[in-house]
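Working notes, beginning with the structure itself.
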Amino acid sequence: MDINEAQLISRCQQGDQEALKEIFNQYHQKLYRIAYGVVRHREEALDIVQEVFIKLFRSIHQFKGRSRFYTYLYRMTMNTAIDHTRKMKKVPPLSIDEEEGFQLSDDPDRRPDRILDHKELEAKVKWAMDQLSPDQKAALIFREIEGLSYQEIAEATGCSIGTVMSRLHYGRKKVQELLKDYVEGGEEV
Amino acid sequence: MKSRCSSISELLDKYFDQEVTPEERSLVEDHLPSCPACRSALLSMENLRNLIKSPVEEAVERENFPWVWEKIERGIQQEEKPGLWESLWSWLDMISLRQKKILIPAVAAVVILILITAPLLYEKISSYPDLSVVEYVESDTYNVMIYEREAPRVTVIWLFEGPEEEPLTS
């Protein structure tokens, strides 16, 4: 942890909201990526980011610097997102019309058929990811979306590097199998 | 020496994630040109990564975050005004363990006492509050008034002397 970050955390621990804002400016996109990777829904991901920063402000006094700050933050985000997913399992998802609606547009990517294809693919990816255990899902999202190293994933999830490798291997295998029409390598085997 | 596919495939995840040692990297890269299966497996991993990552990157690009900070600020301000229950808890947190040992049983005893005595007091104070007159009979000497209550059924018959009349004078 560099000196600036240590000072920022210390100020935040004393209740300085400006320090929290600086942390927000530094990390909000990364945390949004993680949250979005889990829930794959804009509003839910934004709600999770909001919840994480409020939680952080309330609990940052518990951060003793034993792990790197960003892995602490990533872990908090992942736990919040996975808890959110558990809660939302009982609520039926919104239909495409309710969620975004179709609008006429000159942009070929905004054409209804393209949006539908895109949404269907997104729904399949989400469904496949939801078949993983929370640990496998966390490892895969940290690696594929945030590009964390095995060491960083181990720190953020509180396990060994060997466990991270195993979770990644079996997680990938399972999702590849579920999405084989979209991911198969295409070479003659 | 040509490496066996099974031993290389164990390294493929690490190779794909750029977590191999230089020796392991050489082993994999020597093997790949001659193995379509391992090349295909690597390509599948790459496709899967794109499938998982691309929509997330697109979502980040579309997003406007400043209003999220405003919501966070509002959320913190709301949390800073504790409710009655939170205030009670924080007050309990502040008092020492010794005080708690005395205070909590005392408060509990008072609450239990109130719960036990309140119904008794209520009964005493408001005896038959919903009695209603069903009959009233007047006579020269006595008057009779009958009260009744529905549940539990109670009937009160009240017999009392009538008003004394002025003696007639002749």
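Residue numbers start from 1 in every chain, and the chains themselves are labelled A, B, ... in the order their sequence lines are given, proteins ahead of strands.
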| message | I'd like to know if Ile54(A) and Ile82(A) are part of one continuous hydrophobic network [Ile/Leu/Val/Met/Phe/Trp/Tyr, side-chain heavy atoms within less than 4.5 Å]. | response | yes

| field | Hydrophobic cluster membership, Val49(A) vs Trp67(B), 4.5 Å side-chain cutoff | value | yes

| task | Would you give the length of the straight line joining atom CD1 of Ile72(B) to atom CD of Glu51(A), rounded to the nearest 0.5 angstrom? | result | 11.0 Å

| Atom CD1 in Ile52(B), atom CE in Met129(A): separation rounded to 0.5 Å? | 4.5 Å

| said: Are Val38(A) and Val68(B) connected into the same hydrophobic cluster when the rule is that any two of I, L, V, M, F, W, Y join if their side-chain heavy atoms are below 4.5 Å apart? | reply: yes

| request: Using the rule that two of Ile, Leu, Val, Met, Phe, Trp, Tyr join whenever any of their side-chain heavy atoms come within less than 4.5 Å, decide whether Leu46(A) and Trp69(B) are in one cluster. | output: yes

| said: Which atoms of Ile145(A) are under 4.5 Å from chain B, going by heavy atoms: the side chain, the backbone, both sets, or neither? | reply: both

| message | What's the separation between atom CZ in Arg74(B) and atom CD in Gln50(A), rounded to the nearest 0.5 Å? | response | 8.0 Å

| said: A quick test of your reading: do over 12 heavy atoms of other residues, nucleotides or ligands sit less than 6.0 Å from NZ of Lys55(A)? | reply: yes

| query | Is it true that Leu132(A) and Leu178(A) fall in one hydrophobic cluster, defined by side-chain heavy atoms closer than 4.5 Å? | reply | no

| remark: Looking only at Pro66(B), Cys38(B), Ala59(B), Ser54(B), the option with the highest number of non-hydrogen pairs under 4.5 Å against chain A is Ala59(B)

| note | Pair count under 4.5 Å, heavy atoms only, with chain A: among Met45(B), Glu57(B), Lys14(B), Glu63(B), highest is Glu63(B)

| Hey, is Glu144(A) close enough to Lys53(B) for a salt bridge, meaning N to O under 4.0 Å? | no

| field | Backbone of Tyr150(A) reached by a side-chain donor or acceptor of Glu19(B) within 3.5 Å | value | yes

| query | Between atom CD of Gln29(A) and atom CD of Glu61(B), what is the distance when rounded to the nearest 0.5 Å? | reply | 9.5 Å

| Heavy-atom side-chain contact between Arg58(A) and Ile76(B) under 4.5 Å | no

| So what's closer than 4.5 Å to chain A heavy atoms on Glu58(B): side chain, backbone, both or neither? | side chain

| Spacing of Asn50(B) atom CG and Tyr182(A) atom OH [to the nearest 0.5 Å] | 15.5 Å

I'd like a table of donor-acceptor pairs (distance under 3.5 Å, sequence neighbours excluded) in which one partner is a side-chain atom from residues 20-27 of chain A, with atom names and distances.
| residue | atom | partner | partner atom | Å |
| --- | --- | --- | --- | --- |
| Asn25(A) | ND2 | Lys21(A) | O | 3.4 |
| Tyr27(A) | OH | Glu5(A) | OE2 | 2.8 |

| Inter-residue atom distance Phe65(B).CZ - Leu31(A).CG, 0.5 Å rounding | 9.5 Å

| query | Are side-chain heavy atoms of Gln176(A) and Leu51(B) found at a separation under 4.5 Å? | reply | no

| Does the side chain of Tyr36(A) come within less than 4.5 Å of Val60(B)'s, by heavy atoms? | no

| task | Go through the steps to decide whether Arg172(A) and Asp17(B) satisfy the test salt bridge (charged side-chain N to carboxylate O under 4.0 Å, His left out), and finish with yes or no. | result | CA-CA 12 Å; Arg172(A) 276 179 177 141; Asp17(B) 291 329; 2.6 Å; yes

| Got a sec, which hydrophobics cluster with Val110(B), joining ILVMFWY side chains under 4.5 Å apart, including via others? | Ile114(B)

